[in-house]
Amino acid sequence: MSFTVPHAELAQLDDQVQAALRTMDDRALDVLGYGEVSLVLKLSTGDGSFACKRLPVFPDLGRFERYAKGLREYLRRLGDKGLDVADTELWHTRLPSGQITAYCVQRELPSHRLCSRLLHTEDDIWVKDFFSRFLDQVGRVVEPTLGLDAQATNWMDVGGELVYLDVTTPLMRDTRNREQLDVRLFFSSLPWFLRDAVRVSMSKSIFDKFYDTRGVLLDFLGNLHKERLHALVPAFLEQANARLPRPITAEEVAAYYRDDARMWELIQRLRQADRFWHHRIRRRTYPFLLPPRVDR
Ligand SMILES: Nc1ncnc2c1ncn2[C@@H]1O[C@H](COP(=O)(O)OP(=O)(O)O)[C@@H](O)[C@H]1O
Ligand SMILES: [Mg+2]
């Protein structure tokens with residue numbers, strides 16, 4: 001059930017994004033969601049609405065094609081494991097400079113079915129059943145070379161099925177534990193003075209958790225704090241620990257969240273400082289749309 005990305009409309013959307021970057025004013029854009037990494041924009045067309053996730057600008061076609069190959073492989077491997085992934089198409093355009101702007105495009109799914117939202121509104125029975133289905137998926141998919149970023153904001157419950165949304169950062173490792181993703185490119189929204197330090201010292205620890213069921217669950221539970229859903233932690237811990245060889249404790253979840261929140265907050269602040277530097281001091285366009293401050 002794939003679909004064709006409406007080319008002219010997407011090109012137009014990207015023009016709007018470029019204008020927003022130049023003016024640092026994104027009010028004209030229709031934002032579907034803010035992730036930690038990207039902004040998701042809504043594109044309405046005669047053929048329905050789409051969720052368009054802007055990727056970092058690729059310096060050349062080769063870097064883009066490597067990404068495209070990785071994304072295809074990631075989608076295939078997740079599908080082979082029986083995960084229901086939102087149909088995803090990759091759209092790109094070449095700038096006069098030879099750089100490539102690209103978007104991961106999905107059909108827009110109903111935002112009221114986002115699991116982070118349903119966890120607020122549905123009853124205990126749904127919540128318990130959700131978490132048991134969630135544990136099934138994570139337990140089946142995650143392995144040392146195939147990762148999942150399983151936060152509640154990355155799933156929709158559509159027609160009784162959990163659909164996974166967040167594939168823009170394909171999480172795959174080779175047998176020597178090296179990230180297959182172009183980590184350098186995906187960290188390019190970090191200020192230059194941080195990039196190398198972060199890449200070397202943090203990337204392993206940032207990514208490790210995605211390749212291990214316990215790590216994925218700890219990340220999911222820790223992030224419930226951010227969604228103001230921490231009241232669910234005790235019941236979820238009981239459900240999760242019934243399946244884990246080494247149980248997760250409530251203290252571990254709280255400590256994990258404190259560290260994770262601190263890290264993202266620091267990164268956001270540095271990005272904002274970097275944007276200011278680009279725009280005001282160097283009078284250059286800052287190439288990323290930044291999410292608004294998150295209350296943590
Ligand atoms: N196909 C979609 N339809 C509707 N909303 C979406 C879709 N994909 C993503 N979103 C919204 O955008 C948010 C961020 O998307 P996601 O793919 O998780 O990107 P990120 O990598 O930035 O976290 C989601 O939490 C959701 O609110
Ligand atoms: Mg996400």
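Indexing begins at 1, ligand by ligand and atom by atom, following the structure's order. Everything numeric here is computed off the predicted structure, so don't read it as measured data.
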Just heavy atoms, cut-off under 4.0 Å: does Thr169 contact ligand 1 by side chain, backbone, both, or neither? neither

Presence of salt bridge, Asp25 and Arg27, under 4.0 angstrom: yes

Show me which atoms of ligand 1 lie under 4.0 Å from any heavy atom of Thr168. 21 (O)

Please name the atom of Asp166, restricted to N, O or S, that is closest to the Mg ion (ligand 2). OD2

Hydrophobic clusters join Ile, Leu, Val, Met, Phe, Trp and Tyr when side-chain heavy atoms are under 4.5 Å apart, directly or via other members; which others share one with Val40? Leu32

Region of Leu114 engaging ligand 1 - heavy atom pairs below 4.0 Å: side chain

Once you restrict to heavy atoms under 4.0 Å, what part of Ala51 touches ligand 1? Side chain, backbone, both or neither. side chain

Can you find a non-hydrogen atom of Met156 under 4.0 Å from ligand 1? yes

Where ligand 1 meets Thr153 - atom numbers and elements under 4.0 angstrom, heavy-atom basis: 24 (C), 25 (O)

Looking only at heavy atoms, is any part of Val40 under 4.0 Å from ligand 1, and if so is it the side chain, the backbone, or both, or is it neither? side chain

Donor on one side chain, acceptor on other, Lys81 and Gln137, under 3.5 Å: no

Does any N, O or S atom in Asn154 come within less than 2.8 Å of the Mg ion (ligand 2)? yes

For Gln151, state whether at least one heavy atom is located under 4.0 Å from any atom of ligand 1. no

Taking only heavy atoms of Lys53, which atoms of ligand 1 are found under 4.0 Å from at least one of them? 8 (N), 9 (C), 16 (P), 17 (O)

Residue-level breakdown please: for Arg107 versus ligand 1, do any non-hydrogen atoms fall below 4.0 Å on the side chain, on the backbone, on both, or on neither? backbone

Do Thr145 and Arg77 pair up side chain to side chain, a donor and an acceptor below 3.5 Å, judged on atom types alone? yes

Just wondering, more than 12 heavy atoms not from Asp124 lying within 6.0 Å of its CG? no

Hey, is ligand 1 close enough to Asn154 that some N/O pair sits below 3.5 Å? yes

Passing option when Phe220 is tested against Phe131, Trp155, Tyr256 for ring pair (Phe, Tyr, Trp, His ring centres under 6.0 Å): Phe131

Dump the intermediate steps for side chain to side chain contact (heavy atoms under 4.5 Å, CB included) on Arg63 and Arg66, then the final yes or no. CA-CA 5 Å; Arg63 290 280 275 285; Arg66 238 170 299 147; 3.9 Å; yes

Could you tell me how the ring of Phe58 sits relative to the ring of Phe64: parallel (under 30°), tilted (30 to 60°) or perpendicular (over 60°)? perpendicular

Applying salt bridge (Lys or Arg N to Asp or Glu O under 4.0 Å), name anything that partners Lys42, two or more places apart in sequence or on another chain. Glu108

